[in-house]
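Following: one structure in structure tokens, then a few remarks.
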Amino acid sequence: MTSVVASLGLPELIAGILVLALNAYVLTGGADFGGGVWDLLARGPRRDAQRALIAHSIGPIWEVNHIWLILVVVILFAAFPEAFATLGTVLHVPLTLMLVGIVLRGSSFVFRSYGAQDDSTQRRWGRVFASASIVTPVLLGMIVGAIASGAVGEAAGTLLALQSASGGATAPSFAAIFLAPWLAPFPIAMGALALAMFAFLAAVYLAVAARDDLLRDDFRRRGLGAALAMFVAAFGGLALTPRLSGIAGPALELQAVTAVAALLAIWALWTRRWSLARIAAAAQVSLILWGWVLAQYPFVIPPAQTLRGVASPRFTLQLLLYGLLAGSVILIPSLGYLFRVFAARGHFERMTR
Amino acid sequence: MTDLLAARAQMALSLGFHIVFAEIGVAMPLLMVLAEWRWRRSGDGAYLELARRWAKGTAILFAIGAVSGTVLSFELGLLWPGFMRLAGPLIGLPFSLEGFAFFTEAIFLGVYLHGWDRVGPRAHLAAGVVVAVSGAASAVFVVLVNAWMNTPTGFEQSADGRLVNIDPIAAMQSSAAFEQALHMLLAAYAATGLGVAGVHSWLLLRGGSRAFNRRALEIALAVGASAALLQPISGDISARAVAVAQPIKLAALEGLWKTERGAPLSIGGWPDAAREETRWALKIPYGLSLLAFHDPSAEVKGLESAKRADWPPIALVHSAFQLMVGLGSAMALVSLWCAWVAWRRRDLTAQRGLLRALVLIAPFGFIATEAGWIVTEVGRQPWVVRGLLRTADAVTPMPGLVVPMLLFTLLYLGLGAIVVTLIASLVRETAASPADAATGAAGGATT
Ligand code: HDD
Ligand code: HEM
Ligand code: HEM
């Protein structure tokens, strides 16, 4: 940790902003995906009320939540273009599948809201929406897992060697470079973790948003279930880490703080301390994200590409920083305004009745 | 199909799909704001009804614009990692600024669409204005990137081909930046404005409410027809800039093979690369020299001034250019007709001939936009960054690119079909709705 702080410079600052944007995406867009999961799993006597609550909490602001991802992408390719190029090359297949998921999810959501209101149409779009909400986070998690495991960096290295050795060399198979890095046990465990994490966040948020006690309890139970799934996936992942090259694993202090946040979230949910549960859950998920980032620092794509190795020239980073700061001056008050307009409690009360 | 061709096809498809929604996203907020402003000024409920109906369609189209735009930003890395590696440090800045413009746009669009009864009247109108401005800003930022690809500046090249001493601010002010941004903005307002006018003309021809649709036409034509009248002027500025900075592109779009003084303008015809001539074209003597340099004896560079390997696909570029100019001329003529009717203070809604013409040209702006982008993008080939990086050197080494290309083709065909059905049902709902008749009656009282 101390070495990180000491070496802070412009590339780290921009990377930090990038991770903040990713963090915001996970906490907002991630929860929207989680909502889709619970839409698919809606059951029991309050099935329709559950779905209505989910639709309304995603409702007016999903497009805003979604733009955090775009911000992540544009910062990545402005500041660390080499990394963007490598990820796009080696992870072409899962990224393309993830995009299909994003397209289907976003469009089915509006089609459901604005299309014909008959039952079968609604159900069809609902199903597309929910399935895409499951597939996309799993792929996102697998992508992160593949990067963290070092397999992406290794595949990129092989590819580079192949291109410079003009012909002749025995080419490794398509599968070895473009499939193996992410279709492996560790990335799969990370995919499961991401899904459980988003579902957990969504359940906690929905429990807070619900005004009806029975509905709240539905989401409380779901939240506890998702927390359990997170533990299973996380320990599964941990068990698979040592065999992987690359990174050291999160620092011990950070692991401890994450564990505290996790226990706090579960305890608060268990004892129905809703607001505390929401804060603790958000903290827990953010800490997991930062744990990954700090664990692989100074690498962007271990074991080959370091943050400074792939950073754009200083002048670009400076301008980008000014741009990001100026943008935030507009963005932050605007976001605040949006949430003030739509956070009115009465909104949820009206619809859960 | 080679991997390179598949990647080019996928990029063209994704952009061609996105641009339709992007244009609507730029121009619809302006139309809605104008309608709401008229309502607040006049208290005429038909304007409010209009703003609300337009808002409903915009919500659907905006969502599709957002997801297809997301696809594009990833595709730059998925298909063209070589391009990103080279150009990322230079053109990442306008893309990042665009990101913030999107943010502002989406936030205030949320407020606008879902906040009718949550925020005060002034705040609501102001939110609409912010959406209209940030939509236009995002279009400008992204077009600056494209202009740089056509006329790259803001760097020096080192011996090993890397870009050094880069200056992203200079890159945003490349020589094509102004013309392209202007032409694109006008295209968005012309295509969307005349498209909306066409829909309301159709409703009128079918016996829809006069009062309601007249107000719609007023606003849509104020925006669309004025932009369509300015577009040929802006196109002329673009063409003259292309003649100076991208002579091979000009030669391709005009189908000019030999470098000539007093070059003729070829209208129509088919450029035949084997015979190196443009056959069956209507030739206007000195026309090209006049148009491109405003001087009948100016020398215009022909394709012969470049190696064959550096030629873009000429027939496609030439035909696309003819199509754009033809459609643009038709749009400008119909717009003139509208201006004439308005100037003579005749009732637009009673001019059935004009209404029919408006229905006919409703899709022209969108087709012209697709054609114009084909001119710009295919006309730049074989370069992705003119003179600096070849498209073939920018493409990803991943094999089997035909698969994602087909996947996105199917996905977009499906999405396109659904969106068209949904919008058509919104229009039919307007045609059939009792609310329309009611506001029509209310509006009728004031006319
Ligand atoms: C409503 C759509 C529309 C209409 C009516 C026109 N254009 Fe256009 N044109 C476009 C929409 C467009 C565009 C938005 O698709 C392009 C592609 C890139 C750009 O900057 O604008 C374009 C590009 C473009 C270019 C190439 C610019 C470059 O590559 O840098 C030229 C020379 C023209 N146009 C010229 C014209 C002329 C002489 C027109 C006369 C009527 C015309 N355009 C009408
Ligand atoms: C304004 C931002 C735009 C950017 C940054 C951009 C960027 C690119 C890139 C990187 C390529 C691939 C490399 C190449 O083939 O040269 C490409 C190709 C292409 N783009 Fe664009 N583009 C933009 C706008 C558009 C729009 C709106 C269209 C609308 C149809 C379009 C149509 C095409 C076509 C047809 C190709 C394929 C050209 C060919 O390979 O023959 N572009 N563009
Ligand atoms: C390579 C080219 C392009 C890329 C990478 C790109 C990227 C994007 C992205 C990521 C979004 C989604 C933002 C959101 O969620 O609101 C978007 C939307 C949008 N894009 Fe593009 N875009 C490209 C070309 C264009 C062009 C040529 C225009 C210009 C006219 C344009 C104008 C817009 C607008 C106005 C929106 C807002 C959404 C809407 O109103 O429908 N884009 N674009």
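Chain identifiers are assigned alphabetically (A, B, ...) following the order of the sequence lines, protein sequences preceding nucleic acid strands; residue numbering begins at 1 within each chain.
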Heavy-atom distance under 4.5 Å to chain A: side chain of B:Thr104, backbone, both or neither? side chain
Heavy-atom side-chain proximity of A:Leu338 to B:Val111 below 4.5 angstrom: yes
Quick one: CG on B:Leu93 to CZ on A:Phe315, what's the gap to the nearest 0.5 Å? 9.0 Å
Euclidean distance, A:Leu99 CG relative to B:Leu78 CG, rounded to 0.5 Å: 6.0 Å
Looking at B:Leu97 and A:Gly323, what are the two nearest heavy atoms and their distance? CD2-CA, 4.3 Å
Tell me, side chain or backbone of B:Phe108 under 4.5 Å from chain A's heavy atoms, or both, or neither? side chain
Is the closest side-chain heavy-atom distance between B:Phe103 and A:Ile70 below 4.5 Å? no
What part of A:Leu317 gets closer than 4.5 Å to chain B, counting heavy atoms only: side chain, backbone, both or neither? neither
Ranking B:Ile107, B:Ile60, B:Ile91 by heavy-atom pairs under 4.5 Å to chain A gives rank one to B:Ile107
Can you give me the closest heavy-atom contact between B:Ala63 and A:Val110, atom names plus distance? CB-CG1, 3.4 Å
Measure the shortest side-chain to side-chain distance between A:Phe111 and B:Leu422 over non-hydrogen atoms and say whether it is less than 4.5 angstrom. yes
Only distances under 3.5 Å count here; give the side-chain donor-acceptor pairs of residues 399-418 of chain B to other protein atoms, sequence neighbours excluded, each with its distance to 0.1 Å.
unit_1	atom_1	unit_2	atom_2	d
B:Thr409	OG1	B:Met405	O	2.6

Do you know which two heavy atoms are closest between A:Val341 and B:Arg118, and how far apart they sit? O-NH1, 3.2 Å
Among A:Val100, A:Thr96, A:Leu319, A:Leu71, single out the residue with the greatest number of heavy-atom pairs under 4.5 Å to chain B. A:Leu319
For A:Leu104, is it the side chain, the backbone, both or neither that has a heavy atom under 4.5 Å from a heavy atom of chain B? side chain
Does any non-hydrogen side-chain atom of B:Val119 lie less than 4.5 Å from one of A:Tyr337? yes
Is B:Ala59 in contact with chain A via its backbone, its side chain, both, or neither, using a 4.5 Å heavy-atom distance? both
Closest non-hydrogen atoms of B:Ile166 and A:Pro313, given as atom of the first, atom of the second and distance, are CD1-CG, 3.6 Å
Are side-chain heavy atoms of B:Ser68 and A:Val103 found at a separation under 4.5 Å? no
What's the verdict on side-chain contact (heavy atoms from CB on, under 4.5 Å) for B:Glu105 and A:Ile67, showing C-alpha distance, side-chain angles and the deciding distance? CA-CA 10 Å; B:Glu105 190 182 358; A:Ile67 299 182; over 6 Å; no
Could you tell me whether the side chain of A:Ile102 reaches within less than 4.5 Å of the side chain of B:Val71, counting heavy atoms only? no
Pairing donors with acceptors under 3.5 angstrom, does anything connect the side chains of B:Thr396 and A:His92? no
Find the distance between CD1 (A:Ile75) and OG (B:Ser96) and round it off to the nearest 0.5 Å. 6.5 Å
Heavy-atom pair of closest approach, residues A:Gly106 and B:Val67: CA-CG1, 4.0 Å
Sort A:Leu320 into side chain, backbone, both or neither according to what part of it lies under 4.5 angstrom from a heavy atom of chain B. both
Can you give me every donor-acceptor pair (side chain of residues 79-89 of chain A, partner residue at least two apart or in another chain, under 3.5 Å) with its distance?
unit_1	atom_1	unit_2	atom_2	d
A:Glu82	OE1	B:Arg85	NE	3.4
A:Glu82	OE2	B:Arg85	NE	2.9
A:Thr86	OG1	A:Glu82	O	2.9
A:Thr86	OG1	A:Gln305	NE2	2.9
A:Thr89	OG1	A:Ala85	O	2.7

Test item: B:Phe74 and A:Leu69 side chains (from C-beta on) under 4.5 Å apart, heavy atoms: yes
